[in-house]
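All values derive from a computational prediction rather than experimental measurement. Just so we're on the same page: letters track the sequence lines, and every chain starts at 1.
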There are 2 protein chains.
Amino acid sequence: MSWEKIAADKKARIAASIPQEWRIKSEPAEVSVMDYPKKSGIMTAEELAITQSSATDLVAKLAQGQLTSVAVTTAFCKRAALAHQLLNCSLEFFPEIALARAKELDEHLQKTGKPVGPLHGLPISLKDQFRIKGLETSMGYVSWIGKYEEDNSFLVTLLLKAGAVFYVKTSVPQSLMVCETVNNVIGRTVNPRNKNWSCGGSSGGEGAMVGFRGGIIGVGTDIGGSIRVPSAFNFLYGLRPSHGRLPYGKMANSMEGQETVHSVCGPLTHSVADMRLFVASVLAEEPWKYDSKVIPMPWRQAEADIIKSKLSSGGLTLGYYNCDGNVLPHPPILRGIETVVSTLKKASHTVFLWKPYKHDFAYDLINGIYASDGGTDIFSELEASGEPAIPNIKDLVNPSLPKIDMNELWSSQLEKWTYQAEYLEQFRKVEEEIGREIDAIIAPITPTAAIRHNQFRYYGYASVINLLDFTSVVVPVTFADKELDKKNEAFKPLGEMDKIVQAEYDAEAYHGAPVAVQIVGRRLTEERIMAIAEEIGKLLGNEVTP
Amino acid sequence: MSWEKIAADKKARIAASIPQEWRIKSEPAEVSVMDYPKKSGIMTAEELAITQSSATDLVAKLAQGQLTSVAVTTAFCKRAALAHQLLNCSLEFFPEIALARAKELDEHLQKTGKPVGPLHGLPISLKDQFRIKGLETSMGYVSWIGKYEEDNSFLVTLLLKAGAVFYVKTSVPQSLMVCETVNNVIGRTVNPRNKNWSCGGSSGGEGAMVGFRGGIIGVGTDIGGSIRVPSAFNFLYGLRPSHGRLPYGKMANSMEGQETVHSVCGPLTHSVADMRLFVASVLAEEPWKYDSKVIPMPWRQAEADIIKSKLSSGGLTLGYYNCDGNVLPHPPILRGIETVVSTLKKASHTVFLWKPYKHDFAYDLINGIYASDGGTDIFSELEASGEPAIPNIKDLVNPSLPKIDMNELWSSQLEKWTYQAEYLEQFRKVEEEIGREIDAIIAPITPTAAIRHNQFRYYGYASVINLLDFTSVVVPVTFADKELDKKNEAFKPLGEMDKIVQAEYDAEAYHGAPVAVQIVGRRLTEERIMAIAEEIGKLLGNEVTP
């Protein structure tokens, strides 16, 4: 069968998985579909309320039997069905399996009076990189279609133990190595706030799905921004934990076995409270007893409490930068950083300008690592079906590059380690100067608000953090505003990339696009950075903890 | 200058670093030099007592001013001088620098009344792989001689902050990739208990030095047994922590930048008490703020306490194996395992037979990883001076092997990860069967007692643990005994390697050679495994905690 036929068949199967009564009659004309669920007539008022709730609230009600998992799962299945029809964001949709599982969980609770775990009955959406027994994992490649998994990814196994319900696997870009979401299987996934904007990538299906509230907690992966960019573009919180905190074992991946820079998995959520629920629930299952790469480090409440105690006396000490020296962010992002900084200062925290350390060097280094097999892995996946490469991966994976050899790899790895240690030295030096511990660094995550299609060029704000393996939490801040965010006509480019990125800004086109920042901490500081992100979210009015 | 001249000059400089009054008149005739310090007339009774003490005891006395660092440092410098003259175990000896540092520390204590840190005034010996500013690091290569370091390894920096005194850097085999200690700079290092036996390797200089009590805590590195084998061959305790627990940054290394299997550093000591002193002191310096590869995981007393509470109720649950399926250990080692098992059973612990999981596969996999650059790195080091390779590295690094390419490396890395996860699955399965948590596995660390020169062939008991990145502590058990450890005449080899190893056994030649086991736990279980090793050492009468 030709790749086009295989892809068309898969696309048709996804469409067919949506029950007749959840199908939309006609595509809305508006660029934003955020209001659609309310207006559709397909969802009941209770279903709307459930999907507009928080995971923290839902699990409490599910555990007490105030809500059934069937009701919650039905609500999210319906909204996810709408999401897919409007945004093209699913690669697997399986409401029947989900509802059967929900029913089992409801019966268990009724029989025993006890939830099976901290996520009892809660629907969780997964990027189509997670393996679920019996289902396909397309990874955005046509050649993967038609292969049915015989095992679960470890995180899937552990989330099931914690009581989660799976119902959808969301769209990814071909190869995963892109911060937009487009593939030859179903095409492009778009942003629910404006179909002309990207949902981000590579966990872009998650970004769109959770942004639209077709999901309440979505799980993505990040090797160069792939959790954080979709979080930012969909006004969500997103966690890129450090490598070794959450289990990645038995997942599909691009360039599987590549360990120089590890991809990590993490949640995309509407609040830090929900993020914490997810992380603490996974850690409670002792993932280190399954996945050898997971560090035996349970949830450290004491670390979160250190931040809480600083909040009540002395305040936080936070560095920030609004330019990494390579590419100046667009005006909405500069205003986003400024908003966070001034909000923190008003709340009596100490905020100082952080000098980004050799981010140009780091950006080149990680790009070399991404390309270390000269694209062999990705191109063999394409060859297997005959599908063409999406245009977006040309920049990252260049078939004219040779593979680097073993000793060159070792040199790169040593350069990486040295750079990481030098970065830690910067922390120590500044801490000595200011006489206080640095709690986190506030930085852009992309140079643009939710970007127009095919315009994502510069990965450095995200990927340098991956090279450092620092913990990062994306916090939604505000929306681009054509009145406030005027184009900087006096702009002088720092270089070729900066020129290209800046040329893309158009106050009109970006009006209303989500603006976010990332809160970055040293390696394996998840509890502290989440607590700081929560405080910033609260100060901004964007953390709606129940 | 020819490599022979460079080496001879270095060797002469080391000899010249020993003050006249510490020089021995004539080489002793006996094969064992363990009694030499007492008989030499060079060391005072107090110096003998200091060097026969424990680090735990010494730091307590140093902190209280009951002993000066100058006295303690002098004692160890003298004994180390004897060690080098008898065993050929030093590549750098610098008593003047050490005594100047000791004097400073004594003055600090006198002035402030406070020790600078938990290791105040304590001499610590280092493998000649650690960088100390102003000194050479030969790594056993002639080509490295004459280069003087401009920076310290992180562990050196942190040990200095903790109050340690450095005085010697000990011998290593050329390339480090050998479990004996021989190089073209100073030749071969021998075992203090019998000059016909190896001191082990690659931290063999540490094994000989600490075994002879020319050091009280020695620091080595281990990528395939290099801490554990010298510990075993010198009747010492040795810790191979999991990767990421102790700082390795800024150290010299073979195949620097290779990250598929990480070399780790750890202590060789006379007791677990001293081992704990070392580990807890290093962790108290927050090494994760210096070395990006170190996990922010302080000393976890709660983990050690879990073992203690099991000791007082219910006992430990321990697996053991005496054969990995590849090579059957010599009779003294089989008796060593048997001794530990019966001793534990007598003390009411639960001991069961563990089935080694695919150790043959794992051994081949790690050997492929060691050879992944086809010897390029090592051979370029040799080429730089023109020195020949030592015969021992032929087995491990074969210049006829091609480098593996990037995608082959990724496959190996994926195989490694899968194997590690499968091993964890074995743990879970057995735990489910027996209904108890497995606390550790008892296993041989080498198939032989302290081996005769040039006979070290089989690395599998050690290196499979490196592939798994499991925590391992070597515990000294007993000594080979020609009456008890008769050659097994009915032996049928499991394979070619087994045949070679078994043929080496000779009850007479090995009589008196140290016998050890390793106690192995899952990744990053240092506190628990040390507590278990301490209990086993106590039950055997070999842990002489003050």
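- Between B:Pro296 and A:Leu524 the shortest heavy-atom distance is CD-CD1, 3.5 Å.
- Counting heavy atoms from C-beta outward, B:Gln413 and A:Glu256 have side chains that stay 4.5 Å or more apart.
- The contact between A:Arg428 and chain B is made entirely by side chain atoms (from C-beta outward), counting heavy-atom distances below 4.5 Å.
- Using a 4.5 Å heavy-atom cutoff, the side chains of A:Trp410 and B:Ser372 are in contact.
- Considering only heavy-atom pairs separated by less than 4.5 Å from chain B, the leading option among A:Arg300, A:Met297, A:Lys293, A:Arg523 is A:Lys293.
- The pair B:Glu408-A:Lys403 does not count as a salt bridge, with every side-chain nitrogen at least 4.0 angstrom from each carboxylate oxygen.
- Once rounded to the nearest 0.5 Å, the distance linking CG of B:Asp405 with CG of A:Asp373 reads 8.5 Å.
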side-chain contact (heavy atoms from CB on, under 4.5 Å) between A:Ile404 and B:Met406, worked out:
CA-CA 7 Å; A:Ile404 64 172; B:Met406 201 53 49; 3.7 Å; yes

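- Between chain B and the options A:Thr260, A:Asp469, A:Asn407, the largest number of non-hydrogen pairs under 4.5 Å is found for A:Asn407.
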Does the pair A:Leu409 and B:Leu409 meet the rule for a side-chain contact (heavy atoms from CB on, under 4.5 Å), with working shown?
CA-CA 10 Å; A:Leu409 177 76; B:Leu409 177 77; 3.3 Å; yes

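- At a heavy-atom cut-off of under 4.5 Å, chain B is reached by A:Gln420, A:Ala421, A:Leu424 from residues 418-426 of chain A, listed in order of number.
- Residue A:Phe427 does not touch chain B at all, counting heavy-atom pairs closer than 4.5 Å.
- Of residues 239-254 of chain B, those residues with a non-hydrogen atom less than 4.5 Å from any non-hydrogen atom of chain A are, in numerical order, B:Tyr248, B:Gly249.
- In terms of heavy-atom pairs under 4.5 Å with chain A, the best-connected choice from B:Asp377, B:Asp291, B:Val294, B:Thr525 is B:Asp291.
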